[in-house]
Protein chains: 2
Amino acid sequence: MSVDRDQVLRSAAALLTRKGSATMDEVARAAGISRATLHRHFAGRDALVRALEELGIQECETALAAARLGEDSAEEALRRLVKEIQPAAGLLAFLVTENQLFEDDAQHEGWSRLDDNIGALFRRGQESGEFRIDLTPVWFTEALYGLIGAAAWAVLDGRVAAKDFTHMIAELLIGGARRRVEP
Amino acid sequence: MSVDRDQVLRSAAALLTRKGSATMDEVARAAGISRATLHRHFAGRDALVRALEELGIQECETALAAARLGEDSAEEALRRLVKEIQPAAGLLAFLVTENQLFEDDAQHEGWSRLDDNIGALFRRGQESGEFRIDLTPVWFTEALYGLIGAAAWAVLDGRVAAKDFTHMIAELLIGGARRRVEP
DNA sequence: ACCAGGTGAGACAAATTTGTCTCACGAGAT
DNA sequence: ATCTCGTGAGACAAATTTGTCTCACCTGGT
């Protein structure tokens with residue numbers, strides 16, 4: 001029976017998210033295949049990580065497209081983005097810790113495209129008066145990534161409920177911790 | 001001349017934050033010492049990581065003590081905490097990615113102590129009416145760690161200015177992205 | 001001058017991981 | 001029934017990393 005490449009990547013992501021130092025053998029066993037087969041599909045560990053990077057970027061781009069960042073208010077668009085990106089959160093949490101991907105000067109073009117699109121969303125929110133202007137869109141973007149990673153880890157460890165994922169991130173990012181006075 | 005153990009740990013943290021897969025040889029060279037000397041001070045890679053964990057916990061505890069989390073408003077205390085914890089941010093960013101530290105059931109007791117203290121701060125803010133109650137103290141705590149890590153990485157990559165560290169984290173965490181209407 | 005302690009450089013074996021290969025097996029197609 | 005393709009299992013060498021050891025050197029104190 002032929003191996004489902006996508007399923008292998010997803011189980012690899014799940015394992016590597018928990019244990020970034022997992023060997024090719026462990027990755028193979030986690031996917032339920034032999035190391036030989038894993039090597040037939042991915043030339044080596046580098047190729048595997050690169051494939052995971054591709055998958056992560058692709059899932060993020062899908063999420064961005066589905067979130068229609070240019071429509072409605074920036075706040076609503078941001079909530080949609082967080083909701084749509086949740087399935088990719090675990091993979092994303094792994095990729096951001098894989099600093100091997102960023103240590104060489106030539107990082108994947110997909111990340112800058114994503115950064116630009118998300119940054120543009122925050123900029124739109126600032127220009128429309130929704131968002132504060134004393135924090136930069138770049139920081140908002142980085143903070144979004146950081147919160148997604150933190151939430152993914154907290155869910156994995158069982159410290160917070162998975163169903164609260166979207167609410168936790170979006171509410172904190174948009175409204176912060178301060179109690180809002182009823183209008 | 002005797003080696004400054006603390007300085008070795010700090011340079012190791014700086015290197016491992018950028019490249020988590022650095023070998024003992026690279027760590028030694030980064031510290032300006034030989035691999036033999038590095039081994040004389042830290043029995044192996046595990047011992048080195050554990051020592052970094054100890055250092056990180058200790059620095060966080062120092063920061064917590066200096067921030068006097070029980071005094072003034074929770075918001076003011078939180079701002080002090082972020083400010084005091086900034087020197088440990090890089091080390092912290094490395095430690096949270098070192099999931100080796102958490103994969104065994106017996107994690108360092110120091111982390112739970114820190115979590116408890118920080119969680120208590122957020123709970124105090126909720127009970128005093130400063131902070132919203134639809135997000136849990138646990139999530140606030142995780143989000144703080146996530147934002148600290150994200151900020152540390154962004155500063156390392158030059159995407160944001162180091163001098164904005166405290167302001168970025170505290171403002172986003174406390175006030176969120178939404179523009180506040182003048183009272 | 002002498003000594004003691006700490007260090008650097010290098011050699012070495014052991015352990016681990018990786019990449020490649022061969023061979024046998026089994027499911028599905030013809 | 002036969003063929004073919006993909007897979008599992010295992011062997012194997014190469015590369016990497018680690019841990020340990022020895023020896024020479026240097027510096028500070030006596």
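A note on names: the letters A, B, ... follow the listed sequences, proteins ahead of strands, and every chain is numbered from 1.
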Check your understanding: Can you tell me how far P of C:dT17 sits from CZ of A:Arg29, to the nearest Å?
Key -> 12 Å
**Study point:** Working for side-chain hydrogen bond (donor to acceptor under 3.5 Å, both in side chains), residues A:Ser73 and A:Glu75
**Key:** CA-CA 5 Å; A:Ser73 69; A:Glu75 182 175 326; 5.8 Å; no
Exercise for review: May I ask you to say whether B:Glu59 pairs ionically with B:Arg10, meaning some side-chain N is under 4.0 Å from a carboxylate O?
Suggested key: yes
Practice item. Using a strict cut-off of less than 4.0 Å between a Lys/Arg side-chain nitrogen and an Asp/Glu carboxylate oxygen, indicate whether A:Glu84 and A:Arg80 qualify as a salt bridge. Key: no
Practice item. In whole angstrom, give the distance that lies between atom CG of B:Leu48 and atom P of D:dT18. Key: 10 Å
Practice item. Dump the intermediate steps for side chain to side chain contact (heavy atoms under 4.5 Å, CB included) on B:Leu48 and B:Met24, then the final yes or no. Key: CA-CA 9 Å; B:Leu48 176 64; B:Met24 293 291 277; 4.2 Å; yes
Practice item. Answer yes or no: is there a side-chain heavy-atom contact under 4.5 Å between A:Ile169 and A:Gln86? Key: no
Practice item. Indicate whether OP1 or OP2 belonging to C:dG6 is found under 4.0 Å from a side-chain N or O atom of B:His41. Key: no
Practice item. With side chain to side chain contact (heavy atoms under 4.5 Å, CB included) as the test, would you mind laying out the steps for B:Leu147 and B:Val82 before giving the verdict? Key: CA-CA 10 Å; B:Leu147 290 177; B:Val82 175; over 6 Å; no
Exercise for review: Output the residues of residues 8-16 of chain B in contact with DNA chain D, where contact means a heavy atom of the residue under 4.0 Å from an atom of the strand; sort by number or write none.
Suggested key: none
Check your understanding: In residues 19-27 of chain A, which residues come under 4.0 Å of DNA chain C by heavy atom?
Key -> A:Thr23, A:Met24
Point to revise | Side chain proximity check, A:Phe122 to A:Leu78, heavy atoms < 4.5 angstrom | key: yes
Point to revise | Carboxylate-amine/guanidinium contact A:Arg50 A:Glu53, below 4.0 Å | key: yes
Which atom pairs link the protein and nucleotides 9-14 of chain D when you take only N or O atoms and keep those under 3.5 Å?
none

Point to revise | Note, A:Tyr145 side chain near A:Ile118 side chain (heavy atom, < 4.5 Å) | key: yes
Review point. C:dT16 C1' sits how many Å from B:Arg45 CZ, rounded?
Key: 14 Å
Review point. Whole Å only: how far is the NE2 atom of A:His39 from the P atom of D:dG6?
Key: 19 Å
Review point. Would B:Arg79 and B:Glu171 count as a side chain to side chain contact (heavy atoms under 4.5 Å, CB included) if you check the C-alpha gap in whole Å, the side-chain angles of each, and the deciding distance to 0.1 Å?
Key: CA-CA 8 Å; B:Arg79 288 183 200 278; B:Glu171 282 302 318; 2.7 Å; yes
Review point. A:Phe94 versus A:Leu15: any side-chain heavy-atom pair under 4.5 Å?
Key: no
Practice item. Quickly work out the A:Phe42 CZ to C:dG19 P distance and round it to whole Å. Key: 13 Å
